[in-house]
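No hydrogens, no waters, no symmetry mates; every other heavy atom, side chains included, goes into these values. The sequence lines fix the lettering, A, B, ..., with proteins before strands; numbering per chain opens at 1.
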Protein chains: 2
Amino acid sequence: MFSKACEYGIKASIFIALNSYENKRVSLKAIAKEINSPEAFTAKILQDLARHNIINSTKGAHGGFEIDKYAISSIKLSQIVNAIDGDSIYKGCGLGLHTCDEEHPCPVHDKFKAVRDELKHMLESTNLEELALDIKSGVAFLKT
Amino acid sequence: MFSKACEYGIKASIFIALNSYENKRVSLKAIAKEINSPEAFTAKILQDLARHNIINSTKGAHGGFEIDKYAISSIKLSQIVNAIDGDSIYKGCGLGLHTCDEEHPCPVHDKFKAVRDELKHMLESTNLEELALDIKSGVAFLKT
DNA sequence: TAGAAATAGGATAAAACTATCCGAATAATT
DNA sequence: AATTATTCGGATAGTTTTATCCTATTTCTA
Ligand code: FES
Ligand code: FES
């Protein structure tokens, strides 16, 4: 469904958010360890999220990643997915036609669109804060 | 959402079904042309579908692919997707945890599962016949 | 029975995705 | 100012997915 990069990106964002509530910056190393992801690959994804202004990065000693704590509740899952995987999951045709077009639909258009729209709605209505709180309260987990 | 292989497999199956209603076998070449897919790659996918007994293939002159016309309405989209892409789309964790487990959920588990289950239901309740009829009646298309 | 028309299947290549390595740049600490 | 800790970014490598090529095998037809 999502690429590995996107999975790592979502998990990393949740972990960064969690720490940002306590005004703690987290290092790449700590993130990769927490979400069980390859360090160098995760670095690329974090750079990408930083370029999209979803997270902030600070270089040098005591550097690391953080998110404005007052922005966490307004960051939607869709922003992260969109930054990493693009918008084909929201807009693309389920059977790979060049565009998903009501006027020229593929055979699964109506049925697929319903599912795709529900996914879109889910991603657009879920924010980082609620996900972070589920980790904090221990009802959800970031790794096996 | 689906792999290219799966997209081609679904489209090819629909086209084969359409022709099978008229007792016509279709060749790889005709299929690839109709669904706008690379011939040799499509051949691999058709072999796969044949091994899964979703379509029948006949070698030699006048050979080609067909589907038992009385079975078309009982072939579900889920069978095709499952044969080509496997079952991770139904069962896998949205954030890539080793298994999707209610007892050890990832942060998006509840929300993701709802979407995944709707997709599953859609695929399991859609059969080849209805898709083929939409092509026949001209309300849907197999290529751009 | 020879030839033509197909699919089957193995080998290979190209592209995309995932992952690693290393030096450059930056910022805090000593 | 030197050292250390850290991200950035370019180069490279490995893996999976997508795509191509060629030969073998099968079946129909003449
Ligand atoms: S045209 Fe295929 S999903 Fe809309
Ligand atoms: S545990 Fe992640 S979707 Fe169920």
Of the listed nucleotides ([options]), which one gets closest to any side-chain atom of [X]?
X	options	result
B/P38	D/dT7, C/dT20, D/dT20	D/dT20
A/F41	D/dA19, C/dT7, C/dT18	C/dT18
A/K44	D/dG9, C/dT18, C/dA8	D/dG9
A/K59	C/dG9, C/dT26, D/dT4	C/dT26
A/A61	D/dA5, C/dA4, C/dT7	D/dA5
A/S57	D/dT4, D/dT7, D/dT18	D/dT7

Pairwise 5' ranking along DNA chain C for A/T42 and B/L28, keeping only the more 5' one: B/L28

Toward the 5' end of DNA chain C, by each residue's nearest nucleotide, A/C6 or B/H62: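 Nearest-nucleotide comparison on DNA chain C picks B/H62.
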
[X] [atom1] to [N] [atom2]: how many Å, rounded?
X	N	atom1	atom2	value
A/F2	C/dC17	CZ	C1'	17 Å
A/I45	D/dT7	CD1	C1'	15 Å
B/N56	D/dT26	CG	P	18 Å
B/K29	D/dT20	NZ	P	14 Å
A/L46	C/dT18	CG	C1'	15 Å
B/E39	C/dT7	CD	C1'	11 Å
B/N36	D/dT18	CG	P	16 Å
A/I84	C/dC17	CD1	P	13 Å

Main-chain N/O of B/L95 paired to A/Y8 side chain as donor or acceptor, under 3.5 Å: no

NZ (A/K69) with more than 12 external heavy atoms under 6.0 Å: yes

Pair B/N127, B/S73: side-chain N/O donor-acceptor within cut-off below 3.5 Å: no

If you compare every side-chain N and O of [X] against the phosphate oxygens of [N] (OP1, OP2), does one of them come in below 4.0 Å?
X	N	value
B/Q47	C/dT7	no
B/Y8	D/dA19	yes
B/R51	C/dG9	yes

Carboxylate-amine/guanidinium contact B/E66 B/R25, below 4.0 Å: yes

Cationic N near anionic O, under 4.0 Å, B/K76 to B/E129: no

Whichever of B/T58 and B/K4 has its nearest DNA chain D nucleotide further upstream toward 5':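 This one resolves to B/K4.
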
